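All of these numbers come straight from a predicted model, not from anything done at the bench.
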Amino acid sequence: MKTPTSSKGQLTTSLRLICAAVVAASTLAACGGGGGGGGGGGGQIGVNPPTNPPVTPAPFTPGQPNTGADPDVTTLGNAFDTYWNYCATPRTGTDPYTGKAYPDKKGSLRDELTFLRAWTHQYYLWYNEIPTDFKMSDFTDPVAYFDKLKTPLTTASGAPKDKFHFTYESAEWDKLSTEGIELGYGVTWTSSGATAPRIWNATIVEPGSPAALAGVKRGDRLTVVDGVDFINATDEASVNRINAGLFPAATGETHNFTVTRGGASIPVTLSAREVTAKSVKNVKTFDIAGGRRVGYLTFENHNAVAERQLIDAFNELKTANVNDLVIDMRYNGGGLLYVAAELAYMVAGPNSNGKVFESLSYNGKVQADASDTVRFTPTAYGFDAPNAVAKGTALPTLSLPRVTILTTEGTCSASEAVINALRGVDVQVDVVGSQTCGKPYGFTPVPNCGTTYFSIEFKGVNAKGYGDYADGFAPTCRVADDLSHELGDRNEALLSAALSQRATGTCPSLPAATAMSLAQPKTLVRKNVSELKIYSRPR
């Protein structure tokens with residue numbers, strides 16, 4: 001099952017991303033767009049790093065024990081660079097993904113924690129809101145320590161201000177961000193929560209994946225995992241068994257599940273493998289009243305392989321002479337900001353050329369430069385990916401004055417940046433579905449000792465200076481996600497409403513059942529965010 005949510009090279013040239021820390025159990029990437037430097041993300045191209053005043057690093061002796069007082073963060077400065085790659089358990093040999101030797105050096109747990117504290121104090125957007133009621137000697141795990149290095153404040157709606165603080169194993173992140181490859185079964189679930197009673201339904205089943213080959217279908221409800229009552233189990237042993245089944249650790253690992261469909265229970269055996277998820281699917285057209293031809297595509301991840309797939313899709317739609325467009329990003333948690341900018345240009349066309357797609361602002365310590373403004377441009381960036389597009393390739397465009405985007409709570413980050421940026425250049429964006437996740441922020445994926453860390457680093461605004469959507473974008477036409485139809489089916493509720501609105505100019509009326517469905521909180525489930533896995537008790 002899929003699971004949102006490593007860069008290589010110098011930290012100062014890491015790839016900057018906008019990513020969503022939603023959970024998932026399939027093959028979908030959780031990240032939103034990023035403008036990053038050329039060294040990160042397996043050679044992906046991005047904006048240059050921000051410049052900072054020179055700071056003398058703190059004295060450093062590797063291998064210090066995890067005892068004593070914490071360092072004075074006000075004096076750490078850029079000391080993260082001094083502590084980088086000093087590991088309690090350094091990896092040896094060659095990275096199978098990059099073909100280069102691991103950069104790890106023998107250090108200690110305290111070195112890893114000091115690296116995280118120094119990096120956070122320098123670059124975290126809300127570094128001065130991090131609590132001080134804990135110390136390094138309280139921790140035996142760098143990820144647990146990292147989880148504390150964030151603001152506890154909330155937004156106007158009462159939601160956590162920082163919902164996007166998470167980690168990936170570096171090897172897993174490299175494959176996912178560059179090639180769309182992830183270990184799992186190839187199914188993404190939507191979830192009402194991690195504690196019992198749990199209601200999880202399949203939303204995306206990747207074609208050709210273990211889940212697809214086993215007959216799992218969109219809308220199936222998960223009821224049993226390896227003999228355990230998935231919906232109601234609360235004891236620790238059962239919960240551990242559920243997590244082991246949902247989030248396999250190795251290729252070939254096999255687990256047994258039961259799903260229900262139309263009142264019938266269906267047993268399913270799934271064997272984990274590395275699944276390559278296609279980012280763009282279901283490219284098609286629909287004719288509606290008034291002689292209009294509407295293009296449609298589902299877009300699920302702003303990763304490097306999406307560049308080619310989006311260009312191919314827009315060429316197909318342009319050849320079909322569409323004069324309207326529906327982009328289905330209901331499950332797109334984000335990814336590369338430059339891919340988002342390419343998508344927006346292909347919608348808006350030459351009139352947007354050179355205009356601001358998104359400007360990035362940092363904390364008061366980081367001096368942004370001109371390259372921290374991502375612009376609408378007519379050519380491809382040429383990301384390093386299978387079947388790559390040559391840098392400078394002309395982008396196809398539909399030059400539309402308006403576009404419809406289908407959304408759910410899983411629409412996040414780079415997907416929201418597309419909405420915001422198009423509105424910033426006066427393209428009418430109709431949002432059909434439900435409230436988006438609310439993430440006008442991004443970060444640099446920071447690899448250290450086999451773990452890649454994601455910590456909010458910047459906020460983005462559009463050409464009109466707007467970026468205050470921390471509680472998400474409200475839909476202009478509110479419709480509940482419809483799991484009874486496949487994505488791209490003309491009768492599926494969100495697509496049907498979008499086509500009806502295009503034909504009539506009005507949003508269809510909401511049935512009572514739809515309004516009730518919209519009121520139920522849901523999230524996507526991705527294995528990489530460990531704190532969002534299933535728990536035996538409420539947290």
Side-chain angles (χ1 to χ4, degrees), residues 1-5 22-30 96-97 168-191 194 198-231 233 237-262 264-279 281 300-301 303 305 331 333 386 450 483 486-487 524-530 532-534:
M1 300 170 195
K2 168 174 181 143
T3 92
T5 137
V22 290
V23 246
S26 167
T27 50
L28 219 141
Y97 187 76
Y168 256 106
E169 290 185 9
S170 294
E172 186 177 0
W173 171 249
D174 276 336
K175 289 185 288 187
L176 179 62
S177 61
T178 303
E179 299 183 47
I181 297 174
E182 190 162 12
L183 176 66
Y185 308 120
V187 56
T188 300
W189 306 92
T190 188
S191 162
R198 307 176 189 91
I199 305 300
W200 284 26
N201 294 91
T203 56
I204 300 173
V205 181
E206 193 66 31
S209 67
L213 296 175
V216 177
K217 296 184 179 297
R218 174 174 165 83
D220 286 354
R221 177 162 295 182
L222 184 61
T223 58
V224 178
V225 178
D226 283 336
V228 176
D229 178 355
F230 171 77
I231 295 175
S238 294
V239 167
N240 288 341
R241 192 171 177 84
I242 288 172
N243 277 326
L246 285 174
F247 310 113
T251 300
E253 197 174 305
T254 299
H255 296 273
N256 298 310
F257 304 86
T258 300
V259 297
T260 59
R261 184 188 310 152
S265 293
I266 303 170
V268 178
T269 298
L270 300 177
S271 183
R273 65 174 172 83
E274 290 193 332
V275 177
T276 301
K278 191 173 181 182
S279 297
K281 305 186 185 82
E300 295 166 4
N301 187 13
N303 56 10
V305 294
Y331 306 131
L483 299 181
E486 294 295 329
L487 297 178
L524 293 180
V525 185
R526 293 181 167 83
K527 74 176 181 184
N528 55 288
V529 190
S530 59
L532 292 174
K533 286 187 182 181
I534 301 303

Inset, instruction - Go through the structure and list residues passing salt bridge (Lys or Arg N to Asp or Glu O under 4.0 Å) with Arg218, not counting sequence neighbours. - result: Asp481
Legend entry - Among Leu483, Asp220, Val259, the one residue meeting side-chain contact (heavy atoms from CB on, under 4.5 Å) with Asn201: Leu483
Inset, instruction - Of all the heavy-atom pairs spanning Leu183 and Pro248, show the shortest one and how long it is. - result: CD2-O, 3.6 Å
Inset, instruction - Please check if the side chain of Thr203 supplies one atom and the backbone of Thr188 the other of a donor-acceptor pair under 3.5 Å. - result: yes
Inset, instruction - Mind checking the CD-OG1 spacing from Glu274 to Thr251? Nearest 0.5 Å is all I need. - result: 5.0 Å
Legend entry - Candidates Thr258, Ile231, Thr260 - the one meeting side-chain contact (heavy atoms from CB on, under 4.5 Å) with Val224: Thr258
Legend entry - Residue pairs passing the salt bridge (charged side-chain N to carboxylate O under 4.0 Å, His left out) test where at least one lies in residues 242-256, sequence neighbours excluded: none
Inset, instruction - Report yes if the side chains of Pro210 and Arg273 come closer than 4.5 Å at any heavy-atom pair, otherwise no. - result: yes
Inset, instruction - Run the salt-bridge test on Glu206 and Lys281 with the 4.0 Å N-O cut-off and return the result as yes or no. - result: yes
Legend entry - From NZ (Lys217) to CD (Glu486), nearest 0.5 Å: 7.0 Å
Legend entry - Atom of Val268, atom of Ala214 and distance for their closest heavy-atom approach: CG1-CB, 3.7 Å
Inset, instruction - Answer yes or no: is there a donor N or O on one side and an acceptor on the other, between the side chain of Asp226 and the main chain of Asn256, under 3.5 Å? - result: yes
Inset, instruction - Write down the atom of Gly252, the atom of Ser271, and the distance for their closest heavy-atom approach. - result: O-OG, 3.5 Å
Legend entry - Donor-acceptor contact below 3.5 Å, side chain Arg198 vs main chain Phe230: yes
Inset, instruction - Could you label the plane-to-plane angle of the Trp173 and Tyr168 rings as parallel, tilted or perpendicular, counting under 30° as parallel and over 60° as perpendicular? - result: tilted
Legend entry - Value rounded to 0.5 Å, distance of CD1 in Ile199 from CG in Leu222: 10.0 Å
Inset, instruction - Consider only side-chain N and O atoms of Asn303 and Ser279, and report whether a donor and an acceptor are under 3.5 Å apart. - result: yes
Inset, instruction - Output, in order, the C-alpha distance, side-chain angles, deciding distance and verdict of side-chain contact (heavy atoms from CB on, under 4.5 Å) for Trp200 and Val225. - result: CA-CA 12 Å; Trp200 284 26; Val225 178; over 6 Å; no
Legend entry - Heavy-atom side-chain contact between Leu487 and Tyr331 under 4.5 Å: yes
Legend entry - OG1-CZ distance between Thr269 and Phe257, expressed to the nearest 0.5 angstrom: 9.0 Å
Inset, instruction - Would you name the heavy atoms of Val239 and Ala233 that are closest together and state the gap between them? - result: CG2-O, 4.2 Å
